[in-house]
Amino acid sequence: MAQKPSIPKGTRDFFPALMSRRNYIFDTIKSVFQLYGFQPIETPAMENLSTLMGKYGEEGDKLLFKVLNSGDFAANVPDDLLLAKDSIKLTNKISEKGLRYDLTVPFARFVVQNRNELVFPFKRYQIQPVWRADRPQKGRYREFYQCDVDVIGSDSLLNEVELIQIVAEVYRRLKINVCLKINNRKILTGIAETIGEANRIVDITVAIDKLDKIGLDKVNLELEQKGVSKEAIYKLQPILALAGSNSEKLDQIEKVIFASPTGLKGIAEMRKIFEYLKRMNLNLNVELDLTLARGLNYYTGAIFEVKANDVEIGSITGGGRYDDLTGIFGLPDVSGVGISFGADRIFDVMAQLDLFPENTSSAAKVFFVNFGESEEAYLLPVLVQLRQEGISCEIFPEAAKMKKQMIYANRKEIPFVVLAGESEMAEGKVTLKNMETGNQLLLTITELLNELKK
RNA sequence: GUGGUUGUAGCUCAGUCGGUUAGAGCGCCGGAUUGUGGUUCCGGAGGUCGUGGGUUCAACCCCCAUCAUCCACCCCA
């Protein structure tokens, strides 16, 4: 038992029944993406570490899975470096590739690298696994899928609005009750400037992001511990307590951060987005949440986060505007905006709320019982005919006991079973059994086809 | 990276004060039923009690270590 094979922690195997439900999620998301004119791309599982490092903050670098150089990777490492036991420096010598941590950074690299072949604004979607060397826990895996949609090469806020529409449509189709929270990094910058802590914006946003989780007192405590001045924290209080409708909140915050041009720009952006949304007749609760921060520090404009209303699981979709992601790779002044659906968390939510439709099974529609060689010869052409008609079917590969074959069909949840032995063959017919009702019909092959096409 | 939880059959879990042959339910296999699954009845297989050490006449049970697991923090989808 101890020797049973296993998989690395934080990874999972997916059974057929799970796969068909996962594919239901992927297919839904994919078709909505396509509805808005986004096209798929894929990038390699591995990227050069130089592409990945430094893009996710210090914490993120630690969570990158590094891939050992091939060959005799230790041979060229100087002795003093080995003895120094400095993991970071040693890593630089023995590893130059890593597994991707998200889809956005590889996408930025993709855009810069292939800029001459792309049509801008470039609208792409990408559904692939990413890897993080995090410690796994509830709703957190080391290998999980992201479903990203991004538009790059356009400043227009219409892109933000389109992404919000996509969120609304995806969750409408999946029947998940969600709330979309939206904020703007420029407003956060404005706040930081106004309270006199402009260079602490990351600390401030990370702390206030936790407001609804740990409460006001603990947020203030954390700000204090991070070295934010008492005066600044005091000035921050009314901002954290803002309430009212989205436009009321914007009006209030505007009065506070009027001296910050960046902050005002953020407010103008948000007003424009809400104005657009009003015209879209959106069936989604969009809430301006000034405490929403999101960790990734490449965001520069609007930021989004989606939470399921009926399940405690953290955010299931997130994203935002990033003005300078491609700048790091040598292509400045190309703005992009995108969001990422966390398929695995969406799966957990749907499983918990039992939202999957009944008929997601990937099993064949018809099962043929195998009675022996002559029956096989009689049935094989029928299988060919069914498949030509697009009806999925299979025959048991050996003439096993009928009970065993029926159990097989039952466990695979195949809805129809065809039986054809001596008596049926004599009449040129087959018996079709409906596995759910137990009813049986004696049919000719033509009748069988018609029956199954219903 | 920090703190905690739990490891007994394929799965979920009992297991008394440390005591001789470690149990249940579900699942699996076979039969009742040689051309009929999902219900029922009967029978059967399956365990180095996570691993290594220690205490003891004796350890699933106590101690130490180790590995795995799950949960929380950090961070995040």
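Throughout, a chain's letter reflects where its sequence line sits, starting with A, and its residues are numbered from 1.
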message: For a quick test of reading the model: is some side-chain N or O of A:K403 closer than 4.0 Å to OP1 or OP2 of B:rG30?
response: no
task: May I ask you to check if A:R132 and A:Y101 form a cation-pi contact, with NZ or CZ under 6.0 angstrom from the six-membered ring centre and within 45° of the axis?
output: yes
query: In terms of the angle between their ring planes, are A:Y298 and A:Y56 parallel, tilted or perpendicular, with boundaries placed at 30° and 60°?
result: perpendicular
- prompt: Between B:rA77, B:rC75, B:rG35, which nucleotide has the shortest distance from any of its atoms to the side chain of A:E59?
  reply: B:rC75
Hey, what are the protein-to-nucleotides 3-5 of chain B N/O distances that come in under 3.5 Å?
none

query: Do the side-chain N or O atoms of A:K401 get closer than 4.0 angstrom to the phosphate oxygens (OP1, OP2) of B:rG31?
result: yes
field: Euclidean distance for C1', B:rG37 against B:rC76 (whole angstrom)
entry: 46 Å
- request: May I ask you to decide if the ring planes of A:F33 and A:F341 are parallel, tilted or perpendicular, using 30° and 60° as cut-offs?
  value: tilted
query: Does NZ or CZ of A:R21 come closer than 6.0 Å to the centre of the six-membered ring of A:F356, within 45° of the ring's axis?
result: yes
- request: Using a cut-off of strictly less than 4.0 Å, decide whether A:K404 has a side-chain nitrogen or oxygen near OP1 or OP2 of B:rG37.
  value: no
query: For the base of B:rG35, is there a side-chain donor-acceptor partner from A:E424 under 3.5 Å away?
result: yes
message: Centroid distance below 5.5 Å plus an interplanar angle below 30 degrees: do A:F341 and B:rA77 meet both conditions?
response: no
query: What about A:N410: does its side chain form a donor-acceptor pair under 3.5 Å with the base of B:rG38?
result: no
message: With rounding to the closest Å, how many angstrom separate the P atoms on B:rA24 and B:rG47?
response: 15 Å
Separation of the P atoms in B:rC74 and B:rU2, to the nearest angstrom: 16 Å
- prompt: Going by modelled atom types, is there a donor-acceptor pair between the base of B:rU36 and the side chain of A:Q405 at under 3.5 Å?
  reply: no
query: According to a strict under-4.0 Å criterion, is A:R411 in side-chain N/O contact with OP1 or OP2 of B:rC28?
result: yes
message: Between B:rU39 and B:rU66, how many Å separate the two P atoms, rounded to a whole number?
response: 48 Å
query: Is there a donor and acceptor pair closer than 3.5 Å between the side chain of A:R132 and the base of B:rC75?
result: no
Within residues 168-182 of chain A: residues closer than 4.0 Å to RNA chain B (heavy atoms): none
- prompt: Can you tell me if the side-chain N/O atoms of A:Q137 get under 4.0 Å from OP1 or OP2 in B:rC70?
  reply: no
- request: May I ask you to check if A:R124 and A:F38 form a cation-pi contact, with NZ or CZ under 6.0 angstrom from the six-membered ring centre and within 45° of the axis?
  value: no
message: When the C1' atoms of B:rC17 and B:rC13 are compared, how many Å lie between them, rounded to an integer?
response: 23 Å
Nearest-angstrom distance, C1' atom, B:rC62 to B:rU55: 8 Å
- request: Identify the nucleotide, in any strand shown, that forms a Watson-Crick or G-U wobble pair with B:rC26, with both distances under 3.5 Å; if there is none, say none.
  value: B:rG10
task: Could you work out the separation of B:rU21 and B:rA58 based on their P atoms and round it to a whole Å?
output: 15 Å
- line: Exactly one candidate in A:L103, A:I127, A:I29 meets side-chain contact (heavy atoms from CB on, under 4.5 Å) with A:Y145; the answer is A:I127
- prompt: Does a distance-only test, which skips hydrogens and angles, find a donor-acceptor pair under 3.5 Å between the side chain of A:R345 and the base of B:rC76?
  reply: yes
- prompt: Are the ring centres of A:Y408 and A:F396 closer than 6.0 Å?
  reply: yes
- prompt: Considering only the C1' atoms, how many Å lie between B:rG50 and B:rU5, rounded to the nearest integer?
  reply: 16 Å
